[in-house]
There are 2 protein chains.
Amino acid sequence: MAPSVGITPALMALGTTSDHASVVAITVFVTLLSACIVIGHLLEETRWMNESITALLIGLATGGLILLSTKGKSSRILVFSEDIFFIYLLPPIIFNAGFQVKKKQFFRNFMTIMLFGAIGTLISFTIISIGAIVFFNKMNIDNLDVTDFLAIGAIFAATDSVCTLQVLNQDETPLLYSLVFGEGVVNDATSVVLFNAIQKFDLVHMDVQHGLQFLGSFLYLFITSTFLGAAAGLLSAYIIKTLYFGRHSTDREVSLMILMAYLSYMLAELLDLSGILTVFFCGIVMSHYTWHNVTESSRVTTKHTFATLSFIAEIAIFLYVGMDALDIEKWRSVSDSLGKSIGLSAVLLGLILVGRAAFVFPLSFLSNLMKKSRNERISFKQQVIIWWAGLMRGAVSMALAYSKFAVSGHTQLRGNAFMITSTITVVLFSTMVFGLLTKPLTTLLLPPGMKRQDSISSDPGSPKSFFLPLLREKEGSEIEPGAQSVPRPPSGFRMLLTTPAHTVHHYWRRFDDAFMRPIFGGRGFVPFVPGSPTERSVHPW
Amino acid sequence: MAPSVGITPALMALGTTSDHASVVAITVFVTLLSACIVIGHLLEETRWMNESITALLIGLATGGLILLSTKGKSSRILVFSEDIFFIYLLPPIIFNAGFQVKKKQFFRNFMTIMLFGAIGTLISFTIISIGAIVFFNKMNIDNLDVTDFLAIGAIFAATDSVCTLQVLNQDETPLLYSLVFGEGVVNDATSVVLFNAIQKFDLVHMDVQHGLQFLGSFLYLFITSTFLGAAAGLLSAYIIKTLYFGRHSTDREVSLMILMAYLSYMLAELLDLSGILTVFFCGIVMSHYTWHNVTESSRVTTKHTFATLSFIAEIAIFLYVGMDALDIEKWRSVSDSLGKSIGLSAVLLGLILVGRAAFVFPLSFLSNLMKKSRNERISFKQQVIIWWAGLMRGAVSMALAYSKFAVSGHTQLRGNAFMITSTITVVLFSTMVFGLLTKPLTTLLLPPGMKRQDSISSDPGSPKSFFLPLLREKEGSEIEPGAQSVPRPPSGFRMLLTTPAHTVHHYWRRFDDAFMRPIFGGRGFVPFVPGSPTERSVHPW
């Protein structure tokens, strides 16, 4: 666990130059990160741009500059490493998404999300794999066997949750956001199972027994990952509620929350589960229980710290991908057949488009059949946006492609080199073209007047506001910050019972109030201490 | 810049075990960090304990367990790396110290701090070096030449700022805290110059010319490091004030502050300056200007985020040192002469005690001569505490010793092995024994009634409270949160002029109000927007 970066004042003073390069790299990287934030802020008014694309472009420009200054030798100051990505950059992003997600919106659409995330990913995976076999053989790409094609299917079926967070707005389009983002989280679990399956099972000659085994391992993975995340969240809530009551210490509370969230992710990875699923549910549970047990300062701090860490990690990923894209070594081995590489990328992009369309529209139809209320159905225009917003492929695809086709970061075989350059092309193209067009497309299909139907936000100017009600229906007892330690009046429950979809929620609330909150805390269940920081609760949630 | 830690869900799923160990190590480490926080909190009531010592003990216990479970093969799950220490763990601690330091207390004692940090470190270094030459030759330690002895002087003259932060309380004993901690920061600059000097100059045959060169390079280092830190802080203040005004975004503000602070540290390291000095002054400038330009949420968030990061880093360092201390490899090569190793450590501890006494008492006398007011003089009891509180040697000494005596982490020569084990012994002993005794000693020499004389805090129960006045004298205009955008009444200045020591401060305030604050913002100089988050400023500073 000793990174090869290295510098001590002493070593520096002694003039050791071996670590000098690392220091230069970190310095340049941090400078570029700062530049991305400032430039991204300046471009905020432009509806076409966002921080991701700014970071990607700045990364590309920097790579180009380094390429010129080293006379074509290298474009990197940092090598894209899937380790850094999966260990340091991804966890804060997914945790923050769980922490800030609108829980009711998410759980109300739970079945649809599962349908999209599990069945949808499988459909997409199948179409891309078969398509790759058909087209790649026609294009004479060598060195690839069936396992490789299946891996290609899994790599390009992996949607990029980070991109989704950037292009869709939780307040403006909560339904679309929860569907596309939720799908992305479940998609990760499916991808892990798929990767396992590709190695263990003979997917080409799939039979019923193998199918059941596959289903079983998916369910096992999903349930254990969720359980682990929830357990970590509940443990943090219990510790903070029990030990810290009466003598709060903001630094300790925030530290514990950060450490236990990260621990849940690492534990999941250690147990071969889906860390993304785990840390996502840990975030949900922490926002439901733990967050209400801490001081007001801790609440403000955690809310913004998690968002900030996630923000920095997102920019870092795009900067990283942008800088690595121009790396000359990968391109050199395919430079004699650039046309073929472009053709390959075009085929893959086409397969992604078709593969996603093949499940979004049929599964939306299926999902609409289950919904009784017309309001809850997914309109055709919304389906188009769901289809489009999930087309981006990002750092997850990059990381999977690297771990599959670039052992130790080098591309020995020509077929592998082709796959790496195609992945980079697909990621850059889909992020920039599909990503850039998502905002205008949303505006076109769901103009502000329309959007308000879908939206629950009355104030689109305040991003991720804590004051937003969480459901379209009136839930007075839920929003009012005054009703802190009083049990909710039963009239609130009656209202929830008007539609059957809320019955599950009603029983959950009852269970939550009767058993969970007295043990783990949560809004209204942390005993009120006069003069304690919880008294002046400015940010009800 | 690719750490050897590594895991991807895909790789994990494929059953690759090479990265498994890293995941285990990180998981165990994060678990232990959480345990330290919970146990440290439970032991808070005990006046003998603090989180550092808890972390050190837990680290030792874990090392022991691993040693038993691997049957004496290894005690480490993580190797102590000076890179991780200097690149990731030290910057947040020192930055936070600068950010939360009581600026007036610090600058009022500036001359004394410089005296202690520069001259004091040189005296200590000289005594330890000469003592080592005398005693080590008597003890027949081989393989050490004059450069090594000088390095030993520099290693053990390096006080541990992190320990100081733990054992002294800024609110209870602000004078002592600012003296000992400030000394520690300047001490770092001196150490870097010393390390340079040991290589470049023939310190044994020092003449006037070399002495002047040495002085020149110290002054250059001190001034450029300070300037760089201040410049980074001012730049962040200017960017946030100019670009973000009117449309604040907490996440971006916090990100920019974190990134620019870290950038200042890395730039300093890149330019062979003292990163510690730079990031310390960057923290001071950011708390004076930048902090007042951001939203209230950002203010709460940054205050607690920096404290939390610093808190986690501190615990990680002690856990790290504790776990590494039992590493069997280092002890094996000196196991046949354990007595000699213990003797060596005892000699070094003695030299540290004498070396520190040799400058604290004479320099305090010198400093007292300069002060006209009797209240500002350092009493003998306070001198004893200053002497005692700076005796701890910690991670800085460890890191310097490793970079000097353990190339690539191994101890080839016996003399080097002795130096590593002695350093560990000195660090453990000084932290545990000297560290544990500091709290009782302070209580003994300065009982609560006495302490309040020294203290400016009227509420010792609230740690690092923002509501504390910064000077003993009344400065009504400074404390009141109401007087936001109004220039201070001149009567406040008149009061400051009653003692000559405040004249410099007066001119600085005038310059600050007339030139700096209008450009860079700061309290009362960020234009007031009705309804903006700055309106309800709950935390005046």
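The sequence lines fix the lettering, A, B, ..., with proteins before strands; numbering per chain opens at 1.
For the atom pair CD1 of B:I258 and CZ of A:F311, the computed distance is 11.5 Å after rounding to the nearest 0.5 Å. Here the CG-CG distance, from B:L263 to A:L33, works out to 10.0 Å after rounding to the nearest 0.5 Å. Within the model, atoms CE of B:M266 and CD1 of A:I26 stand 4.0 Å from one another, a figure rounded to the nearest 0.5 Å. Here the straight-line distance linking atom CG of A:D251 with atom CD1 of B:I312 works out to 9.5 Å at 0.5 Å rounding. Remark: B:E253 CD to A:H41 NE2 distance equals 8.5 Å, nearest 0.5 Å. Between the OG atom of A:S255 and the CD1 atom of B:I315 there is a distance of 6.5 Å, given to the nearest 0.5 Å.
The residue from B:V300, B:T295, B:T301 that alone fulfils the side chain to side chain contact (heavy atoms under 4.5 Å, CB included) condition with A:H304 is B:T301. Of the options B:L235, B:L259, B:I239, a side chain to side chain contact (heavy atoms under 4.5 Å, CB included) to A:S34 is made by B:L259 and by none of the others.
In this structure the side chain of A:T305 never reaches within 4.5 angstrom of the side chain of B:V254, judged on heavy atoms.
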